[in-house]
Undergrad: 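Can you read through this structure? Questions will come right after.
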2 protein chains.
Amino acid sequence: MFETTEIKDIKEGIGEYVKSIRKLRKLSQSELAALLSVSRTTIQNLEAGNNFTVDTLLKVMKEFDLLDQLNKHIQDAKQHAEATQSLY
Amino acid sequence: MFETTEIKDIKEGIGEYVKSIRKLRKLSQSELAALLSVSRTTIQNLEAGNNFTVDTLLKVMKEFDLLDQLNKHIQDAKQHAEATQSLY
DNA sequence: GCATATTGCATAGTATACTGGTCAATATGT
DNA sequence: ACATATTGACCAGTATACTATGCAATATGC
């Protein structure tokens, strides 16, 4: 049907996700921030669902070895879009 | 084994992906920018693989009805992380 | 070929994400 | 209970994403 998810929902979901994997690794916000060379405030805002840059999110995902997986998703999605394109 | 994908690769991949779905919808950068109430420069930078905010990316994905799908991915990933957590 | 639309890139000003710091409230461990 | 660590929230200053604009290079359509 129609889109029910809002941008705010996604940002909050990402924040909760980052928090859960950070806990999995038994890291404090300060420790994670230090690993990524960003401030704790940046981690705090990300986890709180405020606006942030992709660089910040991707630094987190790189730290947690999620970049290759994400890259596959993006490449698949791109291939799908380009395949659809070529039908016309 | 080890992570081979770099942050820059992801941003470029996202840029190419956005460009391909924009073309699918037969929109110019200016038209998409107007739909999202952002500047063409912002779309240009996103597609070029420069740094950008999640708000910008999510506005694009919302326009292309991709938020629900993205939300599912995030919730699944979060569930997985929390399930792993509870094993300890 | 030509005219028009679109794109890539640069630049200056504005908005805002990021930084570094502090403090109170809340967890955590002994 | 207590001491310590962690978190959430705020604030002032800095870095940078976003805006608006212009222009050259490249597509697109006639």
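Numbered from 1 within each chain, the chains take letters A, B, ... in sequence-line order.
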Undergrad: If the helix axis at each end comes from five base pairs, how far does the helix from C:dG1-D:dC30 to C:dT30-D:dA1 deviate from straight, to 10°?
TA: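 If I round to tens, the end axes sit 80° apart.
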Undergrad: How many Å lie between CG on B:L58 and P on C:dA17, as a whole number?
TA: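 Spelled out: CG on B:L58 to P on C:dA17 is 13 Å.
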Undergrad: So which heavy atom on B:A81 is nearest to which on A:S20, and how close?
TA: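 Closest heavy-atom pair between B:A81 and A:S20: CB-OG, 3.6 Å.
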Undergrad: Any heavy-atom pair between the side chains of B:Q75 and B:N71 that's under 4.5 Å?
TA: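 Heavy-atom side-chain distance check passes, below 4.5 Å.
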Undergrad: Answer yes when A:K62 and B:E6 have at least one side-chain N-carboxylate O distance shorter than 4.0 Å, and no when they do not.
TA: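 Salt bridge flag = yes for B:E6 with A:K62.
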Undergrad: Using heavy-atom distances to pick each residue's nearest nucleotide on DNA chain C, tell me which of B:K19 and A:N45 is more 5'.
TA: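 Nearest-nucleotide comparison on DNA chain C picks B:K19.
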Undergrad: Between C:dC18, C:dT7, D:dT19, which one does the side chain of A:T42 approach most closely?
TA: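 Of C:dC18, C:dT7, D:dT19, C:dC18 is nearest to the side chain of A:T42.
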Undergrad: Closest heavy-atom contact between A:S30 and A:R40?
TA: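 Reported closest heavy-atom pair: OG-CD, 3.2 Å.
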Undergrad: Between D:dA27 atom P and B:K26 atom NZ, what is the distance in whole Å?
TA: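 Between P of D:dA27 and NZ of B:K26: 18 Å.
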Undergrad: When you compare the side chain of A:V54 with that of B:K11, does any pair of heavy atoms fall below 4.5 Å?
TA: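 B:K11 vs A:V54: side chains touch.
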Undergrad: A side-chain contact here means heavy atoms from C-beta on lying under 4.5 Å apart; do A:F52 and A:I14 qualify?
TA: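 Yes, side chains in contact.
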Undergrad: Which atom pairs link the protein and nucleotides 9-12 of chain D when you take only N or O atoms and keep those under 3.5 Å?
TA:
| residue | atom | partner | partner atom | Å |
| --- | --- | --- | --- | --- |
| D:dA9 | N6 | A:R40 | NH2 | 3.3 |

Undergrad: Looking at A:L67 and B:I10, what are the two nearest heavy atoms and their distance?
TA: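 Here A:L67 and B:I10 meet closest at O-CD1, 3.6 Å.
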Undergrad: In residues 29-37 of chain A, what residues come within less than 4.0 Å of DNA chain C, judged by heavy atoms?
TA: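 A:S37 - these, ordered by number, are the residues of the stretch whose heavy atoms sit under 4.0 Å from the strand.
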Undergrad: Under 4.5 Å between any side-chain heavy atoms of B:K23 and A:E82, yes or no?
TA: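 Side-chain contact under 4.5 Å: no.
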Undergrad: Do the side chain of B:D68 and the main chain of A:T5 share a donor and acceptor less than 3.5 angstrom apart?
TA: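 Such a contact is found between B:D68 side chain and A:T5 backbone.
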Undergrad: For DNA chain D, which residues of residues 49-57 of chain B approach it to below 4.0 angstrom with any heavy atom?
TA: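 Those residues are B:N51, B:F52, B:T53, B:T56.
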Undergrad: Under the salt bridge (Lys or Arg N to Asp or Glu O under 4.0 Å) rule, collect the residues that match up with A:R22, sequence neighbours excluded.
TA: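 A:R22: salt bridge (Lys or Arg N to Asp or Glu O under 4.0 Å) contacts with A:E47.
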Undergrad: Does any part of the side chain of A:T53, heavy atoms only, come nearer than 4.5 Å to the side chain of A:T42, both counted from C-beta?
TA: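 No, every pair of side-chain atoms sits at 4.5 Å or beyond.
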Undergrad: Encode nucleotides 24-30 of chain C as B, S and - characters from 5' to 3', where the letter depends on protein heavy atoms closer than 4.0 Å: B to the base, S only to sugar-phosphate, - to neither.
TA: -------
Undergrad: Between A:E12 and A:D9, is there a donor-acceptor pair closer than 3.5 Å when you use the side chain of the first and the backbone of the second?
TA: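 Absent.
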Undergrad: Do side-chain atoms of A:E31 reach the backbone of A:S28 as a donor and acceptor pair under 3.5 angstrom?
TA: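 Side chain of A:E31 to backbone of A:S28, a donor-acceptor pair under 3.5 Å: yes, one is there.
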Undergrad: Nearest whole angstrom, please: distance from the C1' of C:dG21 to the CD1 of A:I43.
TA: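 Answer to the nearest Å: 17 Å.
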Undergrad: Tell me, do A:D55 and A:V38 make a side-chain contact under 4.5 Å, heavy atoms counted?
TA: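 No. Closest side-chain heavy atoms not under 4.5 Å.
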Undergrad: Between B:Q44 and B:Q29 (side chain of the first, backbone of the second, donor and acceptor by atom type, cut-off under 3.5 Å), is there such a pair?
TA: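 It does not hold such a pair.
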Undergrad: Before accepting this row, confirm whether a basic side-chain N of the pair B:K59/B:E63 lies closer than 4.0 Å to the acidic partner's carboxylate O.
TA: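 Salt bridge flag = no for B:E63 with B:K59.
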Undergrad: Among the nucleotides D:dC18, C:dC18, C:dT7, which one has an atom lying closest to any side-chain atom of B:S28?
TA: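 It is C:dT7.
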Undergrad: Would you mind reading off the distance between B:R22 atom CZ and C:dA5 atom C1', rounded to a whole angstrom?
TA: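 After rounding, the reported distance stands at 13 Å.
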